[in-house]
Novice: 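Handing you this structure, nothing more for now.
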Amino acid sequence: MEFLLMLLLADSTKRGKRDAAGWAKSRRGKAKDTKNKGRRRGTRDQDKDGEKEGEEQGPRAPRLPKKQSALLIGFCGTGCNGMQIQPDVRTIEGVLFDALVRAGADDPVKVNLGRAARTDAGVHAAGNLVSMKLITTIPGVEDWVARVNEELPPEIRVWGSLCIRSCDSRKYTYFFPSYLLIPPKPGSGFQRAYAQHAQSMQGVVVLDASAHPFWSAPETHSSSSMDDLARKRLWRIGADQVELIRETAKKFEGTHNFHNFTVGREFGDRSNQRHMWKIRGRLISDPAVYGDTEWISVLFHGQSFMLHQRKMMSALILSCRTNTPGQVIDELYGPRMVMVPKMPALGLLLEYPIFDSYNKKVTSINEKLEPSHPDYRPEIDFEKYRESIDAFKQTFIYDNMRCIEDRDGVFDAWVRSVDSYGGDDLLYLNPKGIIPAVAVIKKGDKRDNPFKEKRKFDLTSFPDKQGASTIEDDEETESKLNKSRLEDMEG
């Protein structure tokens with residue numbers, strides 16, 4: 001695995017293969033590069049020092065020492081295929097590594113790359129930690145962090161560097177327009193399937209979407225999706241709905257089996273057990289209006305998160321908008337497997353990883369040391385960079401997120417894709433909050449009308465309106481991932 005990573009990193013850093021922003025350059029029509037043919041891995045390119053093969057060579061330049069270091073970074077994930085370095089695609093780590101090489105802080109040999117939290121394609125991070133062996137003393141460079149930032153595009157920043165340690169937990173925030181809590185449109189596929197199933201239950205109050213203030217207006221009976229969206233952006237939710245979503249979100253606190261909130265994991269897999277901490281203060285923010293649209297944010301603080309954690313937000317919002325009791329979250333921790341859609345990636349932000357255990361340890365050690373002592377270790381604290389991080393978040397994350405939503409209506413397109421579905425997969429959203437047998441997915445069984453997700457909602461950057469319909473019709477096919485690949489993709 002390390003050999004493959006070194007080959008990948010070495011290939012990605014050859015001059016001419018990528019531009020300064022990390023985009024791959026085409027070599028179509030160019031002669032094949034054979035100058036390194038036969039060279040042993042890890043040897044230096046003597047041509048760079050003006051020496052050619054066959055000529056008498058002088059003493060080699062000394063190899064600069066490396067230290068296992070941690071970089072505190074922030075990034076806007078738009079235009080990147082996730083955090084983790086991959087061949088032939090632009091990723092955060094790929095762009096960062098190229099910048100480190102150009103700045104002289106690294107070379108492609110024995111990097112020992114790691115990260116505190118992995119993010120999906122397009123997901124943003126105000127704070128994250130990447131660790132690797134780095135050259136921290138570069139001749140002629142006083143501030144090597146500033147030197148690396150000069151080589152990075154403005155949407156990727158290095159806040160600082162320090163010794164590497166593993167983190168204890170992570171904080172993520174999810175932002176969404178409050179109009180997602182409006183009930184399904186009367187007459188939609190989901191509303192009809194919900195009503196039919198709910199009417200078969202005894203002793204329940206069936207949600208009447210047509211009586212909701214938003215849908216009760218006469219003009220909504222024949223309104224278009226664009227008409228509906230214009231009205232949704234002006235809609236403001238009540239205090240009772242805010243309190244409902246706050247109470248339901250508490251169901252995520254504690255240790256649970258999150259197998260229904262990821263992919264590729266069966267109920268009995270021990271790695272499904274994850275712990276969510278209680279957030280002091282308000283887990284759900286008060287609604288805030290930006291432009292015409294009202295937004296809400298949800299802060300999750302967990303020991304670690306599974307692949308596609310956006311399913312947690314989907315279960316929270318879909319249950320609240322259909323008046324499904326919070327008990328359904330408890331049901332989803334049980335052995336029955338169901339389909340929980342992913343929320344759009346656009347709203348997800350990694351705030352930062354937390355290093356409480358490490359900080360307590362170094363605080364005790366540092367009491368007996370001066371800051372100049374070689375064994376002195378600073379705490380890992382993103383709050384030291386709060387002013388820079390907040391300015392970065394506003395420019396490259398919040399403004400970008402709201403601009404895309406205002407232009408393309410991504411969240412509305414997502415909720416309409418849910419409401420258009422009239423099959424059985426989502427019937428666990430019902431007045432009792434109990435998973436019915438028709439909604440259970442059995443391994444190996446083919447379902448007549450399965451819910452199909454669209455790739456559009458995994459993106460955070462979009463083409464113009466002319467190409468939007470093509471993306472929306474492109475259905476996602478969930479690739480099968482083995483256990484080791486799943487573990488590598490989680491953070």
Side-chain angles (χ1 to χ4, degrees), residues 21-23 71-86 89-96 99 115-130 149 152-160 167 169-177 285 288 290 293 295-302 304-314 342-354 382-383 385-408 410-411 414 455-462 489-491:
W23 296 99
L71 296 181
L72 306 184
I73 66 172
F75 55 83
C76 171
T78 300
C80 284
N81 197 39
M83 174 83 179
Q84 206 166 2
I85 195 165
Q86 302 174 51
V89 293
R90 187 177 190 258
T91 67
I92 299 297
E93 289 178 352
V95 176
L96 175 63
R115 65 203 61 81
R118 189 205 64 85
T119 57
D120 292 337
V123 174
H124 314 302
N128 200 358
L129 183 146
V130 176
N149 278 327
L152 285 169
E155 68 271 18
I156 302 176
R157 295 288 88 186
V158 175
W159 306 125
C167 70
S169 60
R170 293 95 171 160
K171 285 185 177 181
Y172 281 86
T173 300
Y174 194 90
F175 300 86
F176 67 94
S285 72
Y290 298 94
T293 306
W295 292 77
I296 298 177
S297 66
V298 181
L299 177 65
F300 289 104
H301 180 193
S304 60
F305 290 86
M306 307 187 78
L307 180 64
H308 297 333
Q309 67 177 60
R310 290 173 281 144
K311 288 174 176 276
M312 294 168 62
M313 276 303 307
S314 176
K342 300 192 300 288
M343 287 286 288
L346 181 63
L348 186 61
L349 166 67
L350 169 63
E351 292 288 352
Y352 52 81
I354 298 170
F382 283 92
E383 291 302 320
Y385 312 99
R386 173 52 53 197
E387 184 177 347
S388 298
I389 288 175
D390 286 346
F392 176 84
K393 286 163 64 173
Q394 187 63 51
T395 301
F396 292 101
I397 298 175
Y398 297 152
D399 289 351
N400 178 64
M401 181 189 306
R402 294 162 189 154
C403 177
I404 291 174
E405 167 59 19
D406 289 344
R407 186 191 69 197
D408 298 332
V410 174
F411 289 96
W414 175 79
R455 293 186 194 177
K456 174 176 182 176
F457 306 120
D458 287 333
L459 305 176
T460 56
S461 60
F462 300 87
M489 295 179 72
E490 294 173 348

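Sequential numbering from 1 along the given sequence is applied to the chain's residues. It should be emphasised that the depicted structure is a prediction, and the values quoted were computed from it without experimental measurement.
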Novice: Between R157 and L152 (side chain of the first, backbone of the second, donor and acceptor by atom type, cut-off under 3.5 Å), is there such a pair?
Specialist: yes
Novice: For the atom pair CD1 (I404) and CG (D399), what is the distance rounded to the nearest 0.5 Å?
Specialist: 11.0 Å
Novice: How would you list, by chain and number, every residue that makes a ring pair (Phe, Tyr, Trp, His ring centres under 6.0 Å) with Y352, sequence neighbours excluded?
Specialist: F382
Novice: For Y174, give me all partners under ring pair (Phe, Tyr, Trp, His ring centres under 6.0 Å), at least two apart in sequence or on another chain.
Specialist: none
Novice: Given 3.5 Å as the limit, does a donor-acceptor pair link the side chain of W414 with the main chain of K456, or not?
Specialist: no
Novice: Which residues pass the side-chain hydrogen bond (donor to acceptor under 3.5 Å, both in side chains) test with S169, not counting sequence neighbours?
Specialist: H301
Novice: For E387, give me all partners under side chain to side chain contact (heavy atoms under 4.5 Å, CB included), at least two apart in sequence or on another chain.
Specialist: none
Novice: Check the pair T119, L348 against side-chain contact (heavy atoms from CB on, under 4.5 Å), reporting the backbone distance first and the verdict last.
Specialist: CA-CA 10 Å; T119 57; L348 186 61; over 6 Å; no
Novice: Taking side-chain hydrogen bond (donor to acceptor under 3.5 Å, both in side chains) as the test, write out the residues that go with S297, two or more places apart.
Specialist: S285
Novice: Closest heavy-atom contact between A121 and A345?
Specialist: O-CB, 4.2 Å
Novice: May I ask you to test the F457-K342 pair for a side-chain heavy-atom distance under 4.5 Å?
Specialist: no
Novice: Which residues pass the side-chain hydrogen bond (donor to acceptor under 3.5 Å, both in side chains) test with Y385, not counting sequence neighbours?
Specialist: none
Novice: Just jot down the salt bridge (Lys or Arg N to Asp or Glu O under 4.0 Å) partners of D390, sequence neighbours excluded, or say none.
Specialist: R386
Novice: Could you tell me if the side chain of N400 sits less than 4.5 Å from the side chain of H124, heavy atoms only?
Specialist: yes
Novice: Taking all atoms of both residues into account, what is the closest heavy-atom pair of C80 and T91, and its distance?
Specialist: SG-C, 4.0 Å
Novice: For D406, give me all partners under side chain to side chain contact (heavy atoms under 4.5 Å, CB included), at least two apart in sequence or on another chain.
Specialist: T293
Novice: F75: which residues meet the ring pair (Phe, Tyr, Trp, His ring centres under 6.0 Å) condition with it, sequence neighbours left out?
Specialist: none
Novice: For the CE atom of M83 and the CG atom of N128, what is their distance to the nearest 0.5 Å?
Specialist: 4.5 Å
Novice: Once rounded to the nearest 0.5 Å, what's the spacing between atom CE of M401 and atom OG1 of T78?
Specialist: 9.0 Å
Novice: Nearest 0.5 angstrom please: Y172 OH to R310 CZ, how far?
Specialist: 11.0 Å
Novice: Assess the residue pair L71 and L96 against the criterion (side-chain contact (heavy atoms from CB on, under 4.5 Å)); give the C-alpha distance rounded to whole Å, side-chain angles, the decisive distance to 0.1 Å, and a yes or no.
Specialist: CA-CA 10 Å; L71 296 181; L96 175 63; 4.2 Å; yes
Novice: Between W159 and F392, is the side-chain contact (heavy atoms from CB on, under 4.5 Å) condition met? List the steps.
Specialist: CA-CA 11 Å; W159 306 125; F392 176 84; 3.6 Å; yes
Novice: What's the spacing between I73 CD1 and L129 CG if we round to 0.5 Å?
Specialist: 8.0 Å
Novice: As a test of understanding, state which of K171, R170, K393 forms a salt bridge (Lys or Arg N to Asp or Glu O under 4.0 Å) with E351.
Specialist: K393
Novice: Which value, rounded to the nearest 0.5 Å, describes the distance between M343 atom CE and S314 atom OG?
Specialist: 6.5 Å
Novice: Do W295 and R402 have side chains that get closer than 4.5 Å, going by heavy atoms?
Specialist: yes
Novice: Considering residues at least two apart in sequence or located in another chain, which fulfil the side-chain hydrogen bond (donor to acceptor under 3.5 Å, both in side chains) criterion with N149?
Specialist: none
